[in-house]
Amino acid sequence: MKPAPFEYHAPTSLEAALELKAQHGDDGKPLAGGQSLIPAMNFRVAQPSVLIDLNHVPELRHISKPNGAVHIGSMTLQSTAEHDALVAEHTPLLHEAIPNIAHPQIRNRGTVGGSLAHADPASELPVVALALGAKFRAQSAKAERWIEAKDFFAGLFATTLQPDELLTEIAFPTKTPNTGYCFTEVARRHGDYAMAGLAAVIELGANQTISAAKLVYLNVGDGPVDAVSATANLIGKTPDAAAFKEAGRIASQEDMSPYGNVHATPEYQRHLSAVLTERALAKASERAKAAK
Amino acid sequence: MSQTFPISVTVNGKAIEKSVEPRLLLADFIRHEVGLTGTHVGCEHGVCGACTILFDGKPVRSCIMLAVQANGHVITTVEGLATSEDNMHPIQNAFWEAHGLQCGFCTPGILMTLVPFLEENKDPSEAEVREAISGNLCRCTGYQHIVDATLLAAKKLNEVTE
Ligand SMILES: Cc1cc2nc3c(=O)[nH]c(=O)nc-3n(C[C@H](O)[C@H](O)[C@H](O)COP(=O)(O)OP(=O)(O)OC[C@H]3O[C@@H](n4cnc5c(N)ncnc54)[C@H](O)[C@@H]3O)c2cc1C
Ligand code: FES
Ligand code: FES
């Protein structure tokens, strides 16, 4: 099918883009990589009256590391971030997660900001953003603010961005000492949306016990799911197989409520999540030990 | 009457100037406006890979891009691979010799995915080839002959450059 007619704007500066967003509000849909939006328009699930194409706004494509965080402009291609040296060195979790997003052909158009603004619970980047405590820069013609990851995602395909705001930049905190990271998922075919997956972060204290942990899951709820009970239970434990198994059990039974889909029942998603938790924690703690 | 935009796009080395409605998909522009029907349209939502083209040298899905977005850019379609009818691209010869296609519907998208892949990976393993084509669906071959053809193409390309 083909998209319904719409009014098209291709602003060439951030100022002009924000002006258009202010003018059109919710009717003015930003077009980033179009890898989620245009399929939805082809199906006519989405019929925006105005498209604001952000591909000609140079201010939105950049990667830098000013202080303690890798800052990525919202229009940075997923494939650019995938091969970026700063991302690889300072945000290993993000680096490990990106190749799991779709296929190279999609990542050549899809953007980092587009994926986060789309807030698909099955997506990799929201999980990484929540696990690292990333911050989101939202700008309007009048003002700007930084939103914490935990306050950015607001349920299925929803964020707390206001009708006059654009997501312009995301700050991913850089890796910290004694900390290991791991992203892993299971998809039926590489590049498909995963049936289950998670980002794991583990910090080891002076006595080699777990001093901090984070487990965030994809596709098992209305957004990225932060397994708070499972992580609380890990604190103070020795990082061993028994602790990881228990974390997987708690996360999969208490912290998540998967819907299931055509490829996986909710029970299977819980099972996969539990097994992946054990693997991710084992890998992350190995990496934490090596990260001294 | 809806708005139209003048665009100028380089397709297989030729400058094309047209006026397009913004809702025109790039795949439909290539097929219906430029008349190059080698680019196939299967699913129109980015899943099957049949519409893959090179956009500024990189493989992308032309069914989930707008033609207006190609303004000022360089596109290569499957028709741009052979230099003449008797001088096919090495990858095309390899697909012919190793039976890399049956009905041929997926073939243009597979070739446009693999050409840049083989430029970056001179000596790919079978597993790497399978991952490279993971975003392209084929309902005929069972993929084995596509993988064989790709490995043969890598060999041929290395001979050409040696
Ligand atoms: C076959 C296929 C497989 C895929 N598999 C995966 C996968 O496994 N994992 C995954 O995570 N994704 C997957 N995707 C989706 C892909 O990653 C998209 O690129 C991504 O979801 C959206 O990014 P985009 O830049 O294409 O945004 P668009 O599609 O252009 O926009 C998405 C939404 O975000 C809004 N938006 C975009 N940018 C901004 C901004 N700066 N400010 C405010 N709002 C904005 C748009 O208005 C729209 O509502 C897949 C897509 C396809 C076609
Ligand atoms: S037609 Fe474009 S991916 Fe299927
Ligand atoms: S050869 Fe028929 S779909 Fe691939």
Side-chain angles (χ1 to χ4, degrees), chain A residues 1-12 29 31-57 75 77-80 82-83 99-111 114 118 187-194, chain B residues 1-5 7 20-29 32 41-73 109-110 112-114 116-117 120-121 127-128 130-137 143:
Chain A
M1 277 178 29
K2 315 293 175 190
F6 52 82
E7 190 182 308
Y8 176 78
H9 296 276
T12 53
K29 266 262 174 220
L31 172 62
Q35 303 299 286
S36 294
L37 182 55
I38 298 187
M41 289 169 62
N42 285 354
F43 280 131
R44 303 212 176 179
V45 176
Q47 298 197 14
S49 51
V50 177
L51 270 197
I52 306 170
D53 187 345
L54 301 179
N55 283 277
H56 303 278
V57 179
M75 285 300 293
L77 296 179
Q78 293 159 4
S79 60
T80 304
E82 179 180 359
H83 301 292
N100 292 286
I101 305 172
H103 314 284
Q105 299 101 320
I106 310 281
R107 298 197 293 276
N108 279 338
R109 289 296 296 175
T111 65
H118 193 52
R188 290 178 74 239
R189 177 182 65 148
H190 183 90
D192 286 351
Y193 283 104
Chain B
M1 177 71 200
S2 48
Q3 346 151 250
T4 59
F5 289 81
I7 61 169
V20 298
E21 241 191 292
R23 67 176 176 143
L24 182 68
L25 298 174
L26 181 56
D28 291 330
F29 172 78
H32 305 308
V41 175
C43 66
E44 291 192 327
H45 64 282
V47 173
C48 75
C51 67
T52 305
I53 56 155
L54 301 187
F55 187 77
D56 296 335
K58 291 196 181 140
V60 302
R61 310 288 209 219
S62 61
C63 72
I64 46 177
M65 269 190 77
L66 304 172
V68 275
Q69 296 188 290
N71 187 24
H73 292 273
I110 298 223
M112 300 321 280
T113 298
L114 287 172
F117 169 76
E120 283 165 30
N121 301 274
E128 286 166 340
R130 287 190 187 274
E131 188 170 326
I133 56 167
S134 67
N136 294 77
L137 295 178
Y143 301 100

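Proteins come first, then strands; the chains are lettered A, B, ... in the order of their sequence lines, and each starts at number 1. Reckoned from all heavy atoms, side chains included, excluding hydrogens, waters and symmetry mates.
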Q) Side chain, backbone, both or neither: which part of A/Leu31 has an atom under 4.5 Å from a heavy atom of chain B? A) side chain

Q.
What part of A/Ala4 gets within 4.5 angstrom of chain B, counting heavy atoms only: side chain, backbone, both, or neither?
A. backbone

Q | Heavy atoms of other groups near A/Arg188 CZ, more than 12 under 6.0 Å | A | no

Q) Counting heavy-atom pairs under 4.5 Å to chain B, which of A/Arg107, A/Arg189, A/His56 comes out on top? A) A/Arg189

(Q) As a quick check of understanding, evaluate side-chain contact (heavy atoms from CB on, under 4.5 Å) for A/Leu51 and A/Met41, giving each step before the final call. (A) CA-CA 11 Å; A/Leu51 270 197; A/Met41 289 169 62; 4.0 Å; yes

Q.
Which residue is it: B/Leu137, B/Val41, B/Asn136? I am looking for the one with a side chain to side chain contact (heavy atoms under 4.5 Å, CB included) to B/Cys48.
A. B/Leu137

(Q) When you compare the side chain of B/Arg61 with that of B/Thr52, does any pair of heavy atoms fall below 4.5 Å? (A) yes

Q. Is there a donor-acceptor contact under 3.5 Å from the side chain of B/Ser62 to the main chain of B/Leu26?
A. no

Q) Looking at B/Glu21, B/Lys58, B/Met65, which has the largest count of heavy-atom pairs under 4.5 Å with chain A? A) B/Met65

Q: Could you label the plane-to-plane angle of the A/Phe43 and B/His45 rings as parallel, tilted or perpendicular, counting under 30° as parallel and over 60° as perpendicular?
A: tilted

Interface moiety of [X] toward chain A, non-hydrogen atoms closer than 4.5 Å:
X: B/Ile64; value: both
X: B/Phe117; value: neither
X: B/Leu66; value: both
X: B/Glu131; value: side chain

